[in-house]
Amino acid sequence: MSRRPPSDISLTRRTLTRRTLTRRTLLQRSLLGAAALGLAGCDRLSENDAVISLLGSAETLNLKAQRLLAGRESLAVEYPASMISPVFRPNGTVDPQTALYRNLAANDFADWRLTVGGLVNTPLALSLDTLRSMPARTQITRHDCVEGWSAIGQWSGPVLGDILEQAGVRPSARYVVFHCMDQLDGEHNYYESIDMVAAFHPQTLLAHSLNGEPLPVGNGAPLRLRVERQLGYKMAKYLKGITLVAHFDDIQGGKGGYWEDRGYTWYAGI
Ligand SMILES: Nc1nc2c(c(=O)[nH]1)N[C@H]1C(S)=C(S)[C@@H](COP(=O)(O)O)O[C@H]1N2
Ligand SMILES: [Mo]
(Lines give C-alpha, C1' and ligand atoms only; values in the text may rest on other atoms or scores of the structure.)
(Ligands and ions follow the chains in the order given, each with its own letter.)
Protein backbone atom coordinates (compact mmCIF):
# COMPACT_ATOMS: atom_id res chain seq x y z
CA MET A 1 0.00 0.00 0.00
CA SER A 2 1.42 3.34 -0.91
CA ARG A 3 1.06 5.97 1.72
CA ARG A 4 1.09 9.70 1.07
CA PRO A 5 3.67 10.88 3.55
CA PRO A 6 2.60 14.54 3.71
CA SER A 7 0.48 13.04 6.49
CA ASP A 8 3.66 13.39 8.55
CA ILE A 9 3.23 17.13 8.24
CA SER A 10 -0.39 17.03 9.36
CA LEU A 11 0.62 14.64 12.11
CA THR A 12 3.04 17.24 13.42
CA ARG A 13 0.34 19.89 13.16
CA ARG A 14 -2.10 17.68 14.96
CA THR A 15 0.42 17.03 17.71
CA LEU A 16 0.99 20.74 18.14
CA THR A 17 -2.70 21.49 18.21
CA ARG A 18 -3.24 18.76 20.72
CA ARG A 19 -0.48 20.14 22.91
CA THR A 20 -1.94 23.64 22.75
CA LEU A 21 -5.39 22.34 23.52
CA THR A 22 -4.04 20.45 26.50
CA ARG A 23 -2.36 23.58 27.78
CA ARG A 24 -5.58 25.51 27.21
CA THR A 25 -7.63 22.93 29.07
CA LEU A 26 -5.22 23.04 32.01
CA LEU A 27 -5.31 26.81 31.99
CA GLN A 28 -9.07 26.82 31.91
CA ARG A 29 -9.24 24.33 34.77
CA SER A 30 -6.84 26.24 36.98
CA LEU A 31 -8.63 29.50 36.35
CA LEU A 32 -12.00 28.01 37.09
CA GLY A 33 -10.44 26.42 40.15
CA ALA A 34 -9.12 29.80 41.31
CA ALA A 35 -12.50 31.33 40.70
CA ALA A 36 -14.19 28.65 42.73
CA LEU A 37 -11.72 29.05 45.61
CA GLY A 38 -11.65 32.75 46.19
CA LEU A 39 -12.32 34.92 43.24
CA ALA A 40 -15.94 34.00 42.80
CA GLY A 41 -18.11 36.82 43.96
CA CYS A 42 -15.54 39.48 43.18
CA ASP A 43 -17.39 41.19 40.39
CA ARG A 44 -14.54 43.60 39.58
CA LEU A 45 -12.75 40.70 38.04
CA SER A 46 -14.56 39.02 35.27
CA GLU A 47 -13.49 35.40 35.18
CA ASN A 48 -14.70 35.21 31.64
CA ASP A 49 -12.49 38.06 30.51
CA ALA A 50 -9.51 36.54 32.27
CA VAL A 51 -10.19 33.17 30.68
CA ILE A 52 -10.65 34.74 27.29
CA SER A 53 -7.46 36.76 27.50
CA LEU A 54 -5.43 33.76 28.65
CA LEU A 55 -6.96 31.65 25.94
CA GLY A 56 -5.94 34.43 23.61
CA SER A 57 -2.30 33.92 24.52
CA ALA A 58 -2.68 30.20 23.95
CA GLU A 59 -3.98 31.03 20.49
CA THR A 60 -0.99 33.25 19.84
CA LEU A 61 1.27 30.39 20.84
CA ASN A 62 -0.56 28.09 18.47
CA LEU A 63 -0.27 30.62 15.67
CA LYS A 64 3.46 31.00 16.28
CA ALA A 65 3.92 27.24 16.19
CA GLN A 66 2.02 27.05 12.93
CA ARG A 67 4.02 29.90 11.43
CA LEU A 68 7.16 28.04 12.37
CA LEU A 69 5.90 24.98 10.53
CA ALA A 70 4.72 27.00 7.56
CA GLY A 71 8.25 28.39 7.49
CA ARG A 72 9.69 24.94 6.97
CA GLU A 73 7.20 24.17 4.23
CA SER A 74 7.56 27.44 2.37
CA LEU A 75 9.58 27.68 -0.82
CA ALA A 76 13.17 28.80 -1.21
CA VAL A 77 13.67 31.84 -3.44
CA GLU A 78 14.06 31.01 -7.12
CA TYR A 79 16.14 33.33 -9.31
CA PRO A 80 16.06 34.44 -12.95
CA ALA A 81 18.46 32.77 -15.39
CA SER A 82 20.44 36.02 -15.61
CA MET A 83 21.62 35.44 -12.04
CA ILE A 84 23.13 31.97 -12.56
CA SER A 85 26.75 31.96 -11.33
CA PRO A 86 29.26 31.65 -14.22
CA VAL A 87 31.01 28.87 -12.28
CA PHE A 88 29.30 26.71 -9.70
CA ARG A 89 32.16 26.09 -7.32
CA PRO A 90 32.67 22.37 -6.59
CA ASN A 91 33.33 21.72 -2.90
CA GLY A 92 34.11 18.88 -0.52
CA THR A 93 34.85 15.81 -2.62
CA VAL A 94 35.27 16.97 -6.21
CA ASP A 95 36.58 13.78 -7.85
CA PRO A 96 35.80 10.58 -5.92
CA GLN A 97 38.61 8.05 -5.88
CA THR A 98 36.79 4.99 -4.51
CA ALA A 99 37.02 1.91 -6.74
CA LEU A 100 33.23 1.77 -6.89
CA TYR A 101 32.99 5.31 -8.24
CA ARG A 102 35.92 4.99 -10.66
CA ASN A 103 34.47 1.79 -12.16
CA LEU A 104 30.99 3.23 -12.59
CA ALA A 105 32.28 6.54 -14.00
CA ALA A 106 34.49 4.68 -16.52
CA ASN A 107 31.31 3.32 -18.07
CA ASP A 108 29.43 6.64 -17.99
CA PHE A 109 27.31 5.31 -15.08
CA ALA A 110 25.50 2.84 -17.37
CA ASP A 111 25.78 0.17 -14.62
CA TRP A 112 24.97 2.57 -11.80
CA ARG A 113 21.65 2.19 -10.02
CA LEU A 114 20.06 4.34 -7.34
CA THR A 115 18.68 1.91 -4.80
CA VAL A 116 15.74 2.90 -2.60
CA GLY A 117 15.24 0.61 0.36
CA GLY A 118 14.72 0.26 4.07
CA LEU A 119 11.21 0.99 5.37
CA VAL A 120 9.48 0.92 1.98
CA ASN A 121 6.94 -1.44 0.46
CA THR A 122 8.63 -1.67 -2.94
CA PRO A 123 12.42 -1.39 -3.01
CA LEU A 124 13.65 0.28 -6.21
CA ALA A 125 16.81 0.20 -8.33
CA LEU A 126 16.65 3.09 -10.79
CA SER A 127 19.04 3.55 -13.71
CA LEU A 128 20.20 6.98 -14.80
CA ASP A 129 18.11 6.64 -17.98
CA THR A 130 15.04 5.91 -15.90
CA LEU A 131 15.70 8.90 -13.65
CA ARG A 132 16.29 11.12 -16.68
CA SER A 133 13.02 10.03 -18.27
CA MET A 134 10.96 10.82 -15.18
CA PRO A 135 9.03 14.11 -14.93
CA ALA A 136 11.58 16.66 -13.71
CA ARG A 137 11.41 19.91 -11.82
CA THR A 138 13.81 22.69 -12.80
CA GLN A 139 14.70 25.43 -10.33
CA ILE A 140 17.29 28.18 -10.04
CA THR A 141 18.34 28.48 -6.42
CA ARG A 142 21.18 29.72 -4.24
CA HIS A 143 23.47 27.27 -2.52
CA ASP A 144 25.01 28.44 0.76
CA CYS A 145 28.04 26.68 2.19
CA VAL A 146 29.00 27.07 5.86
CA GLU A 147 32.50 27.88 4.68
CA GLY A 148 31.15 31.25 3.59
CA TRP A 149 30.47 31.12 -0.14
CA SER A 150 27.29 30.95 -2.20
CA ALA A 151 26.49 30.10 -5.81
CA ILE A 152 23.32 30.23 -7.91
CA GLY A 153 22.60 27.31 -10.21
CA GLN A 154 19.80 25.74 -12.19
CA TRP A 155 19.02 22.22 -11.05
CA SER A 156 16.81 19.62 -12.75
CA GLY A 157 15.65 16.21 -11.71
CA PRO A 158 12.76 14.23 -10.32
CA VAL A 159 11.13 15.47 -7.13
CA LEU A 160 12.23 13.19 -4.28
CA GLY A 161 8.62 12.88 -3.07
CA ASP A 162 7.59 11.23 -6.36
CA ILE A 163 10.27 8.57 -5.98
CA LEU A 164 9.38 7.98 -2.34
CA GLU A 165 5.74 7.59 -3.32
CA GLN A 166 6.72 5.05 -5.95
CA ALA A 167 8.58 3.08 -3.27
CA GLY A 168 5.72 3.39 -0.76
CA VAL A 169 7.07 4.77 2.50
CA ARG A 170 6.03 2.73 5.52
CA PRO A 171 4.46 4.59 8.47
CA SER A 172 7.39 3.64 10.72
CA ALA A 173 9.87 5.61 8.55
CA ARG A 174 11.06 8.88 10.11
CA TYR A 175 14.13 9.87 8.05
CA VAL A 176 15.53 9.54 4.57
CA VAL A 177 19.23 8.67 4.51
CA PHE A 178 21.41 9.36 1.45
CA HIS A 179 24.41 7.10 0.93
CA CYS A 180 27.26 8.39 -1.23
CA MET A 181 30.11 6.81 -3.17
CA ASP A 182 32.94 9.11 -1.99
CA GLN A 183 35.10 9.22 1.13
CA LEU A 184 36.52 12.56 2.29
CA ASP A 185 38.82 10.84 4.81
CA GLY A 186 39.59 7.73 2.73
CA GLU A 187 37.63 5.61 5.20
CA HIS A 188 34.02 6.73 5.73
CA ASN A 189 31.52 7.22 2.93
CA TYR A 190 29.80 10.60 2.90
CA TYR A 191 26.16 10.34 3.95
CA GLU A 192 23.35 12.63 4.96
CA SER A 193 19.77 12.48 6.21
CA ILE A 194 16.64 14.62 6.23
CA ASP A 195 13.20 14.30 7.83
CA MET A 196 9.90 13.74 6.05
CA VAL A 197 9.00 17.44 5.95
CA ALA A 198 12.19 18.17 4.00
CA ALA A 199 11.88 14.97 1.93
CA PHE A 200 8.40 15.87 0.67
CA HIS A 201 9.15 19.57 0.20
CA PRO A 202 8.26 20.43 -3.42
CA GLN A 203 11.78 21.77 -4.12
CA THR A 204 13.60 18.71 -2.80
CA LEU A 205 15.06 17.09 -5.92
CA LEU A 206 17.38 14.34 -7.01
CA ALA A 207 19.24 16.48 -9.52
CA HIS A 208 20.80 14.89 -12.61
CA SER A 209 21.46 18.23 -14.35
CA LEU A 210 23.13 21.54 -13.54
CA ASN A 211 22.53 24.54 -15.79
CA GLY A 212 20.95 22.34 -18.46
CA GLU A 213 23.91 19.91 -18.67
CA PRO A 214 24.42 16.48 -17.11
CA LEU A 215 25.72 16.97 -13.57
CA PRO A 216 29.53 17.43 -13.74
CA VAL A 217 31.70 15.11 -11.61
CA GLY A 218 32.74 18.05 -9.45
CA ASN A 219 29.12 18.76 -8.48
CA GLY A 220 28.07 15.18 -7.76
CA ALA A 221 27.61 13.08 -10.95
CA PRO A 222 25.53 11.13 -11.66
CA LEU A 223 22.95 12.29 -9.08
CA ARG A 224 22.86 14.59 -6.06
CA LEU A 225 20.32 15.78 -3.57
CA ARG A 226 18.99 19.35 -3.55
CA VAL A 227 17.25 20.29 -0.32
CA GLU A 228 16.90 23.99 -0.86
CA ARG A 229 15.92 25.22 2.59
CA GLN A 230 19.12 23.87 4.15
CA LEU A 231 22.87 24.44 4.03
CA GLY A 232 25.19 22.98 1.39
CA TYR A 233 26.52 20.08 3.43
CA LYS A 234 23.05 18.47 3.48
CA MET A 235 23.06 18.19 -0.32
CA ALA A 236 24.62 14.77 -0.71
CA LYS A 237 26.51 14.26 -4.00
CA TYR A 238 27.55 10.98 -5.72
CA LEU A 239 24.42 9.18 -4.57
CA LYS A 240 24.25 5.39 -4.65
CA GLY A 241 21.36 4.63 -2.35
CA ILE A 242 18.53 6.00 -0.26
CA THR A 243 17.19 4.24 2.80
CA LEU A 244 14.09 5.00 4.83
CA VAL A 245 14.79 4.54 8.51
CA ALA A 246 13.18 5.04 11.92
CA HIS A 247 16.46 6.37 13.39
CA PHE A 248 20.12 6.58 12.41
CA ASP A 249 21.76 5.34 15.62
CA ASP A 250 23.48 2.45 13.82
CA ILE A 251 24.70 4.37 10.77
CA GLN A 252 28.37 5.39 11.14
CA GLY A 253 28.67 7.87 14.04
CA GLY A 254 24.91 7.86 14.60
CA LYS A 255 24.38 11.61 14.13
CA GLY A 256 22.75 11.39 10.69
CA GLY A 257 25.54 12.70 8.49
CA TYR A 258 29.26 12.73 7.74
CA TRP A 259 29.70 16.27 9.07
CA GLU A 260 27.11 15.80 11.82
CA ASP A 261 29.27 12.93 13.13
CA ARG A 262 32.05 15.54 13.30
CA GLY A 263 30.04 18.19 15.16
CA TYR A 264 27.83 20.01 12.64
CA THR A 265 24.15 20.41 13.51
CA TRP A 266 21.76 17.96 11.90
CA TYR A 267 19.05 20.47 11.05
CA ALA A 268 20.73 23.06 8.84
CA GLY A 269 17.73 25.22 7.93
CA ILE A 270 18.25 28.58 6.24
N1 LIG B 1 29.06 13.07 -1.31
C2 LIG B 1 29.35 14.31 -0.90
N3 LIG B 1 28.37 15.22 -0.87
C4 LIG B 1 28.64 16.48 -0.47
C5 LIG B 1 29.94 16.87 -0.05
C6 LIG B 1 30.97 15.88 -0.11
O7 LIG B 1 32.14 16.13 0.21
N8 LIG B 1 30.63 14.62 -0.54
N9 LIG B 1 30.17 18.16 0.37
C10 LIG B 1 29.02 18.94 0.80
C11 LIG B 1 29.26 20.37 0.93
S12 LIG B 1 30.02 20.91 2.35
C13 LIG B 1 28.81 21.28 0.02
S14 LIG B 1 28.96 22.95 0.24
C15 LIG B 1 28.21 20.83 -1.25
C16 LIG B 1 29.03 21.32 -2.40
O17 LIG B 1 28.35 21.09 -3.60
P18 LIG B 1 29.09 21.51 -4.93
O19 LIG B 1 30.33 20.65 -5.04
O20 LIG B 1 28.12 21.28 -6.03
O21 LIG B 1 29.46 22.95 -4.77
O22 LIG B 1 28.10 19.41 -1.35
C23 LIG B 1 27.84 18.75 -0.15
N24 LIG B 1 27.63 17.38 -0.46
MO1 LIG C 1 29.65 23.20 2.38
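Counting starts at 1 for both ligands and their atoms, in listed order.
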Output all residues satisfying side-chain hydrogen bond (donor to acceptor under 3.5 Å, both in side chains) with [X], sequence neighbours left out; order by chain, then residue number.
| X | value |
| --- | --- |
| E78 | R137, Q203 |
| T98 | none |
| N103 | none |

Note: E192-K237 ion pair, threshold 4.0 Å (strictly below): no
Sorted by chain and residue number, the residues having a heavy atom closer than 4.0 Å to an atom of ligand 1 are F88, R89, P90, N91, G92, T93, H143, C145, W149, C180, D182, L184, Y190, G218, N219, R224, G232, Y233, M235, A236, K237, Y238
Can you check whether F109 and Y101 have ring centres sitting under 6.0 Å from each other? yes
Report the C-alpha distance between R226 and H143 in whole Å, list the side-chain angles of each, state the deciding distance to 0.1 Å, and finish with yes or no for side chain to side chain donor-acceptor pair (under 3.5 Å). CA-CA 9 Å; R226 293 301 306 171; H143 175 109; 3.0 Å; yes
